[in-house]
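As structure tokens, the structure follows; a few thoughts come after it.
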Amino acid sequence: MKPVFKTAGASVRGTSHIKNNIPCQDKVYRCAAKNTITISLADGAGSCSMSEIGADISTQFVADYLCENFDKIYTQDSDKTIEILLSSIKQLLTRKSEDLNVSLKEFSSTLLFVSVKNGNYIAGHIGDGLIGCYLDGNPKVLSFPENGEYSNQTYFTTSETAKDHLRIYKGELSTINGFILMSDGSYDSLFDKSKKKLALANETFFSWMKDSNNSQQKVEEALSSNLESLFTKATTDDCSVNLLLISYIDELPWHETLLNKIKGIFSINDKG
Amino acid sequence: MNDLILYDKDLAENPTARIPICLVLDTSASMDGAPIEELNKGVKLFMEAILEDEMTRFSADISIVTFGQIVEEELKFGSIEEQETPTFYAGGLTPMGEAMLTSVELLDNRKKEYQKAGVDYFQPWLVIMSDGAPTDLVETEAAIKIVSKLYNDKKLILFPIGIGDRADMNKLSQFGRPAAKLNGLKFKEFFEWLSQSVSIVSQSSPGETITLDEDGIKSWVTIGL
């Protein structure tokens, strides 16, 4: 069986960002390379003036790096992975801060990611937001948000104690056939805090992804419009989600694959 | 037209993050006359402003403790839509320490209730307003130790406010930060500023440095916060 990946992500501006003329500081990103797929999401820190740039840099770096180095990271000690990821992100952000002549803190963001290759996954999370996984389509929490005691406190990639708060998860996919990353704005609508349970919408997202009639573009448009029309009513913050579906198709024997390629070249269909 | 639509029933309904606020107000005999009248008007205006703002209506969680004849919890924490603003009367001494200890306990209990119910919350706010010096010195010293530690540990947002020339600014400042002096009887301006500040905090997100309205402070203060 050959794994097939489908991703869809979206982020929308929160009402307080629109009111205060602040850009959307949530960023989502995907990378597919070397038989690896990685999705990432970052939520730029509230009043940090360049946090959307920091979120952009962090999501892109981590996704590209994991696609490039999955096998090494999978077998590596997690402490070493944390050290490499944080120091690389800090280096990139420092370079950007020097270019723009602002302090490193201005690029602060949370970071969430999931990478999949050959039946294994690696996930990482610092700060608020949530990582969920789908076990045969049923959503479960893989990584809870880490806030301070108070509502407006969390941890960022630029925090002094970041290495103590970046959590790495690794394992075999087994029955996992999807992942969802959400920012804290979306978390307000996708997680029931008193029941400590993921909301029904998480299952709905999975069904959208699973339906082969729904292209990536169609799901992304739906995510954007639903985030905007519903999620931003429950929070003033930006809202974002990033989804990954893993499905499997039968792999054809080599000679049939070759035959199909030849047919494709000469535009021959089975009816002649 | 995209047919992939979510409905309200698909989403979690979480309560708005709360800002617990305790107003600790001096109602001793020296507040009699214009000061208590202006204080009553100011608190009424504060409650109305909180109720009118679509964010603070759901996030501000207010209690009021007065100290004069006795220390009394005049208003219990709860939904502002169901709260009735009390009217204060002046009389008695200035048991400031006992009032501060009471307010810290109320705030702490409220936080435990939030935690039990899965309600997110911001740092608690404590506003102490007095026109005199404390008359319960032992309790005041105990309150100073507890409140200043909470303030220094960033577990409390504190606003110590002196009213008039007889306010013990030194004692008020010992609670953790330099006390501000109200300009005359500008309670209205102070409470207007306070409600706006609650509104700013209620809309803040993680990592945000909250800047309170500096120009607004100038409208009610002679010695700044």
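Chain letters run A, B, ... following the sequence lines, proteins first and then strands; every chain starts at 1.
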Original post:
Is atom CD of B/Glu13 surrounded by more than 12 heavy atoms (other residues, nucleotides or ligands) closer than 6.0 Å?
Top reply: no

Original post:
Using a cut-off of under 4.5 Å for heavy-atom pairs, which of B/Val119, B/Leu11, B/Ile19 has the most such pairs with chain A?
Top reply: B/Leu11

**OP:** Please determine, among B/Lys116, B/Met55, B/Lys111, B/Lys9, the option with the most heavy-atom pairs under 4.5 Å with chain A.
**Re:** B/Lys111

Subject >> Proximity breakdown for A/Lys197 and chain B, heavy-atom pairs closer than 4.5 Å >> reply: neither

Original post:
So, does B/Asn14 use its side chain to make a donor-acceptor pair with the main chain of A/Ala234 at under 3.5 Å?
Top reply: no

Subject >> CD (A/Glu228) with more than 12 external heavy atoms under 6.0 Å >> reply: no

**OP:** Working to the nearest 0.5 Å, report the span between OG of A/Ser16 and CD1 of B/Ile200.
**Re:** 12.5 Å

Original post:
Does CD in B/Glu105 sit with more than 12 non-hydrogen atoms of other residues, nucleotides or ligands closer than 6.0 Å?
Top reply: no

Original post:
So which part of A/Ser108 gets closer than 4.5 Å to some heavy atom of chain B, the side chain, the backbone, both or neither?
Top reply: neither

Subject >> Separation between CG of A/Leu230 and CG of B/Asp10, rounded to the nearest 0.5 Å >> reply: 8.5 Å

**OP:** Report, as yes or no, whether the 6.0 Å neighbourhood of atom NZ on A/Lys90 holds more than 12 heavy atoms from other residues, nucleotides or ligands.
**Re:** no

Original post:
Would the number of heavy atoms belonging to other residues, nucleotides or ligands and lying under 6.0 Å from NZ of A/Lys193 be above 12?
Top reply: yes

**OP:** Between chain B and each of A/Asp192, A/Asp238, A/Asp211, count heavy-atom pairs under 4.5 Å; write down the option with the most.
**Re:** A/Asp192

Original post:
What residue, out of A/Thr235, A/Leu198, A/Asp188, has the most heavy-atom pairs lying under 4.5 Å from chain B?
Top reply: A/Asp188

Original post:
Is it the backbone or the side chain of A/Asn214 that comes under 4.5 Å from a heavy atom of chain B, or both, or neither?
Top reply: side chain

Original post:
Picking from A/Gly127, A/Ser189, A/Ser194, A/Ala199, which has the most non-hydrogen pairs under 4.5 angstrom with chain B?
Top reply: A/Ser189

**OP:** Against chain B, label A/Tyr155 side chain, backbone, both or neither, depending on which of its atoms sit under 4.5 Å from a heavy atom there.
**Re:** neither

Original post:
Okay, side chain of B/Asp120, backbone of A/Ser151: is any donor-acceptor separation there less than 3.5 Å?
Top reply: no

Original post:
With only heavy atoms counted, which part of A/Glu149 is less than 4.5 Å from chain B, the side chain, the backbone, both or neither?
Top reply: both

Subject >> A/Lys218 NZ to B/Asp3 CG distance, which is reported to the nearest 0.5 Å >> reply: 4.0 Å

Original post:
Does the side chain of A/Trp208 come within less than 4.5 Å of B/Leu6's, by heavy atoms?
Top reply: yes

